Amino acid sequence: MKHLKLKKIFPYAIAIAVFVLASLIYFHPVLKGQKISQSDITQFRGMVKEINDFRADKNTEPYWTGASFSGMPAYQISAYYPYDFVRILDKALRFLPRPADYTFLYFLSFFVLMMALKVEWRLAILGALSFGFSTYLIIIFVPGHNSKAHAIAYMPLVLAGVLWVFQKKYVLGFIVTGIAMALEIYTNHIQMTYYLGFCLLILGVVELINAIKEKVLPIFIRQAAVIIAAVVLGVGANASRLMAMKEYTDFSTRGKSELTINPDGSTKEVVKGLSKEYITQFSYAKLETFNLFIPRFMGGGTVEELGQQSNLYEVIETKLGKKGADYFTEQALTYWGDQTIIEAPAYIGAVVFFLFFLGIFIVKGRLKQWLVAATVFSILLSWGRNFEGLTNFFIDYIPLYNKFRAVSSIQVIAELCVPILGVLGLKEFFSSKITSEEKFASLKKTVLVFGGLILSGFLLAHSFSTFEGIRDATYLNIEKEYAINGVLDAVIADRKSMLLVDTLRSLALVLLSAGVLWFFLKNKLKQQFAIIGLLIFVLFDLISVNKNYVNETDFKPARRVEKPFTATNADRLILKDTTHFRVANFAQDPMQDGSTSYFHQSIGGYHAAKMGRYQELFDYQIAKNNMEVLNMLNTKYFLVPDKNGELQVQQNPDINGNVWFVENVKVVHSANEEMQMLDSLQTKTTAVIDKSSFLENIEFNFEQDSMATINLLKCDVTALTYQSKTTKEQFAVFSEIYYKNGWNAYVDGKLAPHYRVNYVLRGMKIPAGEHTIEFKFEPKVIQKGGLISLGSYILLLLVAVGWFLYDEKKKKKQA
């Protein structure tokens with residue numbers, strides 16, 4: 001009995017050991033304590049420092065940060081929610097150092113999916129490594145797209161649960177789907193989860209059609225109900241996170257703007273969500289799709305290193321010598337597609353694609369239909385603006401599609417489906433259900449069709465492309481500046497050479513893989529050796545490409561990654577000031593800067609979903625150097641570069657301060673009027689309020705008290721306390737960002753109304769006398785969401801246990 005149990009456990013133990021080793025070997029610098037340097041995460045560390053400090057000091061969640069964009073909710077930056085039990089499970093699964101933890105998760109999750117598809121464990125390991133080492137899944141670590149990687153990693157686990165339900169393993173499928181969906185949502189990358197939804201929807205349609213054909217519609221309805229219930233509970237487990245996100249989305253740049261004019265006064269195009277131009281900024285060209293199986297079909301990443309054997313090196317060396325040639329070939333602009341920047345091609349692999357085509361010819365049934373349909377669907381949508389009709393239809397009519405940018409990233413569906421069908425193809429190829437003749441025929445078709453496709457790509461590129469890139473003016477300037485002829489021609493020749501070399505590489509890998517399967521069919525190679533041979537080809541194929549883009553040079557000592565910013569002399573000078581104020585760093589784009597938030601309360605920051613009104617305030621006013629707006633934002637210090645590029649501090653003598661009484665309040669009737677009034681508003685004496693934003697009748701008739709005072713007494717991230725003293729009712733403007741769904745105002749402990757003034761700030765009537773005014777961040781959405789989360793976990797547990805007990809009882813009766 002013990003022997004049998006060990007025999008059952010053995011494959012899983014082997015698989016986990018392989019996945020741990022593969023993750024650690026690829027990212028081996030983590031074993032020396034080094035960490036991967038990620039540009040987005042570097043900025044993120046600046047954004048979250050205040051939140052982390054507050055969390056550590058107060059042992060509570062702030063849900064707000066004042067360090068970035070003059071203040072914003074922390075929901076999309078860093079927030080821990082009540083009853084977030086799935087966080088504990090996720091942490092347990094990601095026990096390896098980053099980014100090895102995510103790659104391990106890729107492998108493990110895909111392996112579970114293979115188990116759901118009843119794939120033999122050695123093939124399952126091959127499939128897991130094929131998926132996890134897919135180039136796109138590795139290169140996203142460099143810019144720091146960790147939440148995207150995290151979300152992709154749980155996709156196969158969700159599919160595994162759903163497939164178990166369709167196999168009538170209801171309890172197992174329900175539990176796995178519920179937990180996997182909870183993990184998927186927890187990763188907080190809704191765009192990836194949204195794309196997974198398309199993949200599930202296509203699977204559902206295929207299953208529905210099959211159910212109608214086989215006249216088993218009631219069974220399908222039951223299965224769909226089980227899946228929906230599990231998904232709902234998985235989503236419910238993340239209620240706080242999702243409800244907070246939904247609430248904030250309406251106020252962020254993802255929400256609808258109230259402005260109908262542009263900064264120059266012209267009429268603004270009315271759009272729901274993001275603009276089409278922004279959504280399709282990163283669109284795959286149709287021809288570029290060939291780099292899914294020919295890695296440098298379009299020259300690889302935006303820049304690539306060209307060696308001494310390159311045409312560019314030879315041309316530069318004749319004029320500038322070896323030193324100059326080394327310099328210009330170290331980061332050559334080899335990419336000739338029309339995307340503005342790419343880290344690397346989204347290479348799925350020649351061998352993996354070869355197996356995918358084998359699956360097309362040898363696998364029968366609805367699984368193949370689903371996987372092929374989902375793959376084609378994702379590739380078509382990844383073309384974005386290059387396939388305008390379909391893309392515009394989705395932007396205009398499919399809910400939420402217009403909330404996401406970088407449409408090319410929908411290729412994650414192909415990244416997932418191609419290796420699945422590839423492994424299913426191998427499963428069929430090694431099975432005894434299919435005759436040798438059929439296998440030979442399928443193998444022959446695969447080589448001819450896929451090999452032909454590779455050659456077609458090469459010929460198409462040479463027939464219809466100029467191999468010219470969008471940055472080629474750089475090389476024309478080099479020709480002019482250094483009087484060197486033929487620099488651009490040399491780069492183009494190198495691009496053509498890269499295409500040729502990689503085309504031959506892919507063809508060679510296809511022929512070698514086909515050879516392994518042919519030897520197996522000829523009984524000259526045992527199945528286990530054929531699998532090992534294919535595994536070697538897959539790993540060589542993917543890892544050799546991945547290493548060009550993600551390798552040990554991307555790692556740095558942990559202390560440099562964890563504390564990426566060092567205070568400059570200018571920072572240290574400002575830090576001596578212990579009052580409450582903000583800093584504007586104009587040494588760089590303040591709206592793309594997390595470094596200033598690391599040390600100070602910044603008017604800028606680094607986040608894709610800023611407050612929409614704040615972005616507009618920047619575009620319409622701050623970008624035009626409106627000092628009155630900077631004054632009202634309590635901008636006490638400016639950071640500007642001197643002639644040597646060193647940061648210099650300039651103190652703002654006209655700052656409005658933390659809070660002030662105005663002499664009058666101008667009431668306008670639209671966001672347009674409010675924004676336009678800011679063009680000339682004297683913010684120290686006058687405030688402007690948009691009446692259309694408030695349901696109540698707003699009247700601000702008050703007589704000025706020239707001796708009235710109001711001061712900030714104390715503040716932290718989530719609470720500010722002021723003291724006022726007036727003889728008559730006054731109107732105060734606070735240099736804090738207005739966010740109605742969380743900030744509450746109190747006068748002497750009693751809730752009091754406050755208003756949005758000056759487009760983004762808080763304003764409030766202050767009664768006569770001496771009063772204590774407090775602002776507290778008390779988001780109700782967290783409390784409500786927490787209760788729903790707890791209820792979802794309880795239901796998930798009760799339903800699963802109850803169902804299991806019911807099934808056991810039923811089995812006993814039948815026995």
Side-chain angles (χ1 to χ4, degrees), residues 26 29 36-39 135-136 138-143 282 285 287-288 290-291 293-347 350 457-458 461-462 465-506 508 540-556:
Y26 189 89
I36 191 166
S37 177
Q38 301 169 294
S39 55
T135 303
Y136 183 76
I138 297 296
I139 59 173
I140 56 179
F141 294 130
V142 175
F282 290 93
L287 198 59
E288 197 169 1
F290 281 92
N291 72 11
F293 44 84
I294 303 174
R296 294 180 301 172
F297 183 87
M298 279 198 167
T302 300
V303 294
E304 297 260 338
E305 183 175 358
L306 293 173
Q308 295 186 355
Q309 305 304 316
S310 65
N311 294 288
L312 180 63
Y313 192 95
E314 187 179 337
V315 169
I316 298 283
E317 186 186 22
T318 56
K319 195 80 176 181
L320 301 179
K322 290 184 180 300
K323 196 173 178 181
D326 285 336
Y327 176 79
F328 283 109
T329 54
E330 190 175 347
Q331 287 199 318
L333 296 165
T334 54
Y335 175 71
W336 49 278
D338 62 359
Q339 296 192 71
T340 51
I341 184 168
I342 63 166
E343 292 288 339
Y347 183 61
F458 177 80
H462 269 275
S465 301
T466 62
F467 292 86
E468 292 175 353
I470 57 176
R471 291 184 172 82
D472 282 353
T474 302
Y475 291 113
L476 295 176
N477 292 335
I478 291 172
E479 289 182 2
K480 193 181 293 181
E481 184 176 353
Y482 298 99
I484 310 173
N485 292 326
V487 174
L488 180 56
D489 290 339
V491 173
I492 288 174
D494 286 325
R495 290 168 181 164
K496 290 180 179 177
S497 175
M498 292 167 98
L499 171 60
L500 175 63
V501 169
D502 282 12
T503 300
L504 294 176
R505 177 187 185 279
S506 290
F540 165 78
D541 184 15
L542 295 176
I543 292 176
S544 62
V545 172
N546 294 348
K547 280 289 184 183
N548 290 332
Y549 305 101
V550 187
N551 52 50
E552 49 273 20
T553 61
D554 295 302
F555 285 79
K556 290 180 181 176

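None of the values given here were measured: they were computed from a predicted structure.
- Remark: side-chain polar atoms of Gln339 are not paired, donor with acceptor, to backbone N or O of Phe282 under 3.5 angstrom.
- Listed by chain and residue number, Phe133 satisfy the ring pair (Phe, Tyr, Trp, His ring centres under 6.0 Å) test with Tyr26 (two or more places apart in sequence, or in another chain).
- Under the side chain to side chain donor-acceptor pair (under 3.5 Å) criterion, Thr318 pairs with no residue at all, not counting sequence neighbours.
- In this structure, CE in Met298 is found 7.5 Å from CG in Asp338, a value given to the nearest 0.5 Å.
- Of the inter-residue distances, the one linking Thr553 atom OG1 with Phe555 atom CZ reads 9.5 Å to the nearest 0.5 angstrom.
- Atom CD of Glu552 has more than 12 neighbouring heavy atoms from other residues, nucleotides or ligands inside a 6.0 Å radius.
- For residues 302-311, the set of pairs meeting the side-chain hydrogen bond (donor to acceptor under 3.5 Å, both in side chains) definition, not counting sequence neighbours, comprises Glu304-Tyr549, Asn311-Asp494.
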Can Met498 and Phe467 be said to form a side chain to side chain contact (heavy atoms under 4.5 Å, CB included), step by step? CA-CA 11 Å; Met498 292 167 98; Phe467 292 86; over 6 Å; no
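- In this structure, Thr334 OG1 and Ile492 CD1 are separated by 12.5 Å, a value rounded to the nearest 0.5 Å.
- A donor-acceptor pair under 3.5 Å is formed between the side chain of Asp554 and the backbone N or O of Asn551.
- In terms of heavy-atom proximity, Ile342 sits nearest to Gly300 at CD1-O, 3.3 Å.
- Under a 3.5 Å cut-off, the side chain of Thr503 and the backbone N or O of Leu499 do form a donor-acceptor pair.
- Evaluation of the side-chain contact (heavy atoms from CB on, under 4.5 Å) rule for Ser544 yields Arg505, Phe540 as partners, not counting sequence neighbours.
- One finds the OG atom of Ser506 at 10.5 Å from the CZ atom of Arg296 (value rounded to the nearest 0.5 Å).
- Under the side chain to side chain donor-acceptor pair (under 3.5 Å) criterion, Asn546 pairs with Thr135, not counting sequence neighbours.
- Sorted by first and then second residue, the pairs that involve residues 467-477 and meet side-chain hydrogen bond (donor to acceptor under 3.5 Å, both in side chains), not counting sequence neighbours, are Asp472-Arg495.
- When all heavy atoms of Gly307 and Tyr313 are compared, the closest pair comes out as O-CB, 3.6 Å.
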I'd like to know whether Tyr347 forms a side chain to side chain contact (heavy atoms under 4.5 Å, CB included) with Asp541, so could you lay out the CA-CA distance, the side-chain angles of the two residues, the decisive distance to 0.1 Å, and finally the verdict. CA-CA 10 Å; Tyr347 183 61; Asp541 184 15; 2.5 Å; yes
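- Contact detail for Pro143 and Ile140: the closest heavy-atom pair is CD-O, 3.5 Å.
- Listed by chain and residue number, nothing satisfies the side chain to side chain donor-acceptor pair (under 3.5 Å) test with Lys547 (two or more places apart in sequence, or in another chain).
- Atom CG of Asn548 and atom CD1 of Ile543 lie 12.5 Å apart (nearest 0.5 Å).
- Partners of Thr466 by side chain to side chain donor-acceptor pair (under 3.5 Å), not counting sequence neighbours: none found.
- Phe290 is linked by a ring pair (Phe, Tyr, Trp, His ring centres under 6.0 Å) to Phe293, Phe297, counting only residues two or more places apart in sequence or in another chain.
- Among the candidates Leu320, Val315, Leu306, the single residue satisfying the side chain to side chain contact (heavy atoms under 4.5 Å, CB included) test with Phe328 is Leu320.
- The stretch residues 312-324 participates, sequence neighbours left out, in these salt bridge (Lys or Arg N to Asp or Glu O under 4.0 Å) pairs: Glu317-Lys322.
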Let me check something: any side-chain donor-acceptor pairs from residues 479-486 under 3.5 Å, sequence neighbours excluded? List them with distances.
| from | atom 1 | to | atom 2 | distance (Å) |
| --- | --- | --- | --- | --- |
| Glu479 | OE2 | Val487 | N | 3.0 |
| Glu479 | OE2 | Leu488 | N | 3.0 |

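- Atom CD in Glu343 sits 12.5 Å away from atom OH in Tyr335 (nearest 0.5 Å).
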